[in-house]
Every structure is written in C-alpha cells, then in structure tokens.
Amino acid sequence: MPRCHEVLVEDHLRDLAGLLRGPARVKADLLTEARHGLLDAVEAYRAEGLPPAEAERRAVTEFGSPAQLLPAWQAELAVAALRGLSLRVLAVASVIVVAGDLTWRGSSWSDGPRPPAGYRLLSASVHWLWLAALVIAAAALLLVRVAARSTNPGLAVLVRLVGAGLTGSLALGVLTGAGLFAWSIGLWDAALTWPPMIIGSVLASAGYLWLGRAARGWVLAVR
C-alpha cells in the first residue's frame, strides 16, 4: 500500500472503507463526514496557491493514516452495532417472554399428564434466559448512551463485555428454545399440526435469523 502522503482523497477513503466493519449507515456517515472535511482542506490549500495534487496530498497527510483513524472509528461502529443488536433483542425477547406459552395453551395435550421434570426445567430455562437477554439489552442501551458522550477508554472494554454477555445469552436462548420445541414434538405428536405451535416456530425462526445477523455484525465490529 502506498504511503499516506501518496494517496489522494478518494483512494484514502476507499482504504478506510475496506478496513471498517460495522453498521452500513453509520459507516457511510463517518466516510461522508471525512470526505467533506478532506475536500474542505483541499480547497483551503488550493486557495493558498498549491497545485491540486499537492493540496490533496497535504490534506490526506494531515487527516491521518488508516492506522491512526481506525481504532476510534471502529469503536464508534462497535457501539452502533451493539445499539442495533440490543434493539432487536428487546423486540424479539419481549415477544418470546410474553407469548411463549401461548403456542400450546388450549391444545389437546395441555390437560393431559404433566411432562417430565427435565422438560419443565428446560421450559423454565428458556423463559429465564430470554428474560435475562431483555435485561442485558436494556443495560446495553444505557451503556451506548453513555459511551456516545464519553471518551473514556474503559467504556470500550465494557461495551465488549456487555455485547459478549448479550450474544452469549442469545446463543443459549436459541439453543434451549430449539431443544424445547424438538422435545415437545417428541412428547406430543399433535404438536406438529397444532397451528399456534406452527406459527410460533415460524416466527421464532425468523426472529432468530434477524438476531443472528445483528449478532454477527457486532462480532465483526469488535474483532
């Protein structure tokens, strides 16, 4: 890669764009702001009488290299990724916590013998895991607001920890939820044809995929 003072404005921005990982809208905003700042600097140097190419080189040099800019910009993208993930968790987990039991109420097997103790434990675990995800997501949103107003480097570490905790709770929630669904089918054949169970499983699968994309985006942003 050529040295910073040999790179013109668009090449410099292209290098930065290739290194940044995070929400597309926030990334685009950062690059747009950088482009405006660089072009303003170029115009100022040209007004002083410098040739266009030299004005661009000087503006890029003073702006900073990708190695200098990347840590702060990537930290901002990580915060934005955590915000997006937290909002999705609040939406999906709220539905699962509130409406999870509705998928089997009124079914032909709901008045039959009680399921095994292990099944009841797994069912309770699913509920509490998603409730924990709700709490962590709410805490993450508060942290995001604080991090957006502070330059304390310790907050970046806290963002990673909270994001990791949220991602871990999501993984456990998805695994236990899938296990509970599979066990339900094994216990009650009618579960495969019970409309609320079918609708619930389709909606849950869509929610899991939606959360999975956001979780992947956060992981890439903090790598």
Side-chain angles (χ1 to χ4, degrees), residues 21-26 77-144 158-223:
R21 298 289 182 271
R25 182 183 60 79
V26 180
L77 286 169
V79 170
L82 180 59
R83 181 192 298 112
L85 175 60
S86 300
L87 290 172
R88 292 191 185 193
V89 171
L90 287 176
V92 174
S94 296
V95 174
I96 291 176
V97 169
V98 173
D101 289 342
L102 298 179
T103 57
W104 56 267
R105 287 185 181 179
S107 64
S108 59
W109 65 86
S110 58
D111 295 328
R114 296 188 70 190
Y119 180 92
R120 298 197 302 272
L121 177 61
L122 182 61
S123 179
S125 299
V126 171
H127 175 82
W128 287 107
L129 281 169
W130 284 106
L131 193 59
L134 269 175
V135 173
I136 298 173
L141 287 176
L142 290 176
L143 176 61
V144 162
L158 195 55
V159 165
R160 285 176 173 266
L161 291 175
V162 173
L166 184 57
T167 304
S169 67
L170 288 180
L172 289 174
V174 170
L175 289 174
T176 55
L180 184 67
F181 180 74
W183 200 344
S184 298
I185 294 174
L187 289 174
W188 304 290
D189 293 337
L192 279 174
T193 57
W194 179 240
M197 287 285 285
I198 297 172
I199 295 172
S201 63
V202 171
L203 292 177
S205 298
Y208 292 165
L209 290 174
W210 194 45
L211 290 176
R213 290 185 62 184
R216 179 179 179 274
W218 177 81
V219 170
L220 290 175
V222 297
R223 284 180 61 180

Nearest-0.5 Å distance, [atom1] of residue [X] to [atom2] of residue [Y]:
X	Y	atom1	atom2	value
Leu122	Trp183	CG	CH2	6.5 Å
Leu203	Ile96	CG	CD1	10.0 Å
Arg83	Trp218	CZ	CH2	15.0 Å
Thr193	Trp188	OG1	CH2	13.5 Å
Leu220	Leu77	CG	CG	11.5 Å

Show the nearest heavy-atom pair for residues [X] and [Y], with the distance to one decimal.
X	Y	value
Leu85	Ala214	CD1-CB, 3.7 Å
Val89	Ala133	CG1-O, 3.6 Å
Pro115	Arg120	O-NH1, 2.6 Å
Val159	Ala78	CG1-O, 4.5 Å
Leu129	Gly173	CD1-N, 4.1 Å
Leu166	Ser86	CD2-OG, 3.8 Å

Taking the side chain as every heavy atom from C-beta outward, state whether Ser125 and Leu172 have any pair of such atoms under 4.5 Å apart.
no

Side-chain contact test, heavy atoms from C-beta onward, threshold under 4.5 Å: evaluate it for Leu90 versus Leu141 and give yes or no.
yes

For Ala132, what residues pass the side-chain contact (heavy atoms from CB on, under 4.5 Å) criterion, not counting sequence neighbours?
none

I'd like to know if the side chain of Ser94 reaches the main chain of Ala91, judged simply by a donor and an acceptor atom lying under 3.5 Å from each other, with no hydrogens or angles considered.
no

With no hydrogens and no angle check, is any side-chain donor or acceptor of Ser184 less than 3.5 Å from a backbone partner on Leu180?
yes

Looking at residues at least two apart in the chain, or sitting in another chain, which of them share a side chain to side chain donor-acceptor pair (under 3.5 Å) with Thr176?
none

For the pair Tyr208 and Trp130, name the ring-plane relationship: parallel under 30°, tilted 30 to 60°, perpendicular over 60°.
parallel

